[in-house]
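Heads up, the thing below is written out as structure tokens.
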Protein chains: 2
Amino acid sequence: MGRVKLEIKRIENPTNRQVTFSKRRNGLIKKAYELSILCDIDIAVIMFSPSGRVNHFSGRRRIEDVFTRYINLPDQVRDNAVSFPELPYRRGIQNKEYLLRTLQQLRSENDIALQLAKFV
Amino acid sequence: MGRVKLEIKRIENPTNRQVTFSKRRNGLIKKAYELSILCDIDIAVIMFSPSGRVNHFSGRRRIEDVFTRYINLPDQVRDNAVSFPELPYRRGIQNKEYLLRTLQQLRSENDIALQLAKFV
DNA sequence: CTATCTATTTATAAATC
DNA sequence: TGATTTATAAATAGATA
């Protein structure tokens, strides 16, 4: 969709990479928004720009709630739902292990939140 | 992008809604994939089909790791990164409260995971 | 960085197989 | 149901401001 056909590989020029990110980020979020409305579904998108800044979108629910809905699924359902399962890092994943690690990282924040909750 | 211009509102016919979901889901995931490669970034997409089935995509990292990277950000950074902050439900959100609720829901699974970890 | 301008490529709505 | 076709709408690469 442009003057030339673009090969899908890392854009090496940092300026072009950031410009392309900005344009395509907007396009992707628009698509996610349209899909959430047209099909009346839960959707969440999280991405980090090349410079490390976070952007996210979610439709009807808060992103935390979509992720909760996701993480509460049985492991097998999550695993079967992976798009592009052929990507290298997915081989040999022990989903449970990574989930465990994630949850452990969440733990300290959980404790802090519980502390804060006492004063709410 | 089709024979007619499509108004962005809920598709009432269930069959059409599911068909549109399937097509646009593929398009969205392709876009997310291309963005992750072109711009060499972390991205995660989670969505639930009209019939409730989950689909997700993530680029370089597991989706859990992207969410961890997200959730570990300070509240204010997350809040400032919201796309379409004008959507109704975002008004008056106490991000911390919702995060707390999310984390509490994760708690029991965390405990189960920790139990399982003893045998790994 | 953000916004516009267009030539092109890409996505997709509706129809058809 | 799902795959393919095709006319058309939409996204976007590169240039420019």
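Asn26(B) places a side-chain N or O within 3.5 Å of a backbone atom of Ser22(B) that can act as its donor or acceptor partner. Under a 3.5 Å cut-off, the side chain of Ser36(A) and the backbone N or O of Tyr33(A) do form a donor-acceptor pair.
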Practice task
Applying side-chain contact (heavy atoms from CB on, under 4.5 Å), run through Ile63(A) and Tyr70(B) and close with a yes or a no.
Solution key: CA-CA 10 Å; Ile63(A) 204 160; Tyr70(B) 165 79; 3.0 Å; yes

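Between Lys23(A) and dA3(C), a side-chain N or O to OP1/OP2 separation shorter than 4.0 Å is absent. One finds a side-chain N or O of Lys31(B) lying less than 4.0 angstrom from the OP1 or OP2 phosphate oxygen of dT12(D). Residue Arg3(B) places none of its side-chain N or O atoms closer than 4.0 Å to OP1 or OP2 of dT5(D).
When side chains are defined from C-beta on, Leu28(A) counts as touching Met47(A), because their heavy atoms get closer than 4.5 Å. Proximity of Val66(A) to Ile43(A): side-chain heavy atoms (C-beta onward) are nowhere separated by under 4.5 Å.
Taking atom CD on Glu34(A) and atom P on dA11(C), their separation rounds to 14 Å, with Å as the unit. Nucleotide dT12(D) holds its P atom 12 Å from the CZ atom of Phe21(A), rounded to whole Å. Atom P of nucleotide dA11(C) and atom CZ of Arg24(B) are separated by 12 Å, given to the nearest angstrom. Atom-to-atom, CZ of Arg25(A) to P of dT12(D) comes out at 12 Å; the value is rounded to the nearest Å. Atom pair Leu38(A):CG and dA11(C):C1' shows a separation of 14 Å (rounding to whole Å applied). As rounded to whole Å, 20 Å separates atom P of dA7(C) from atom CG of Leu6(A). dA11(D) atom P lies 11 Å from atom CG of Leu28(A), rounded to whole Å. Separating the NZ atom of Lys30(B) from the P atom of dT12(D) is a distance of 11 Å, rounded to the nearest angstrom.
Taking for each of Val4(B) and Val4(A) the nucleotide of DNA chain D with the nearest heavy atom, the 5'-most of the two is the partner of Val4(B). In terms of position along DNA chain C, the nucleotide closest to Val19(A) lies nearer the 5' end than the nucleotide closest to the other residue of the pair Gly2(A) and Val19(A).
Lys5(A) comes within 4.0 angstrom of the backbone, heavy atoms only, and of no base.
Remark: dC1(C) base-pairs with no nucleotide; criterion is Watson-Crick or G-U wobble with both hydrogen-bond distances under 3.5 Å.
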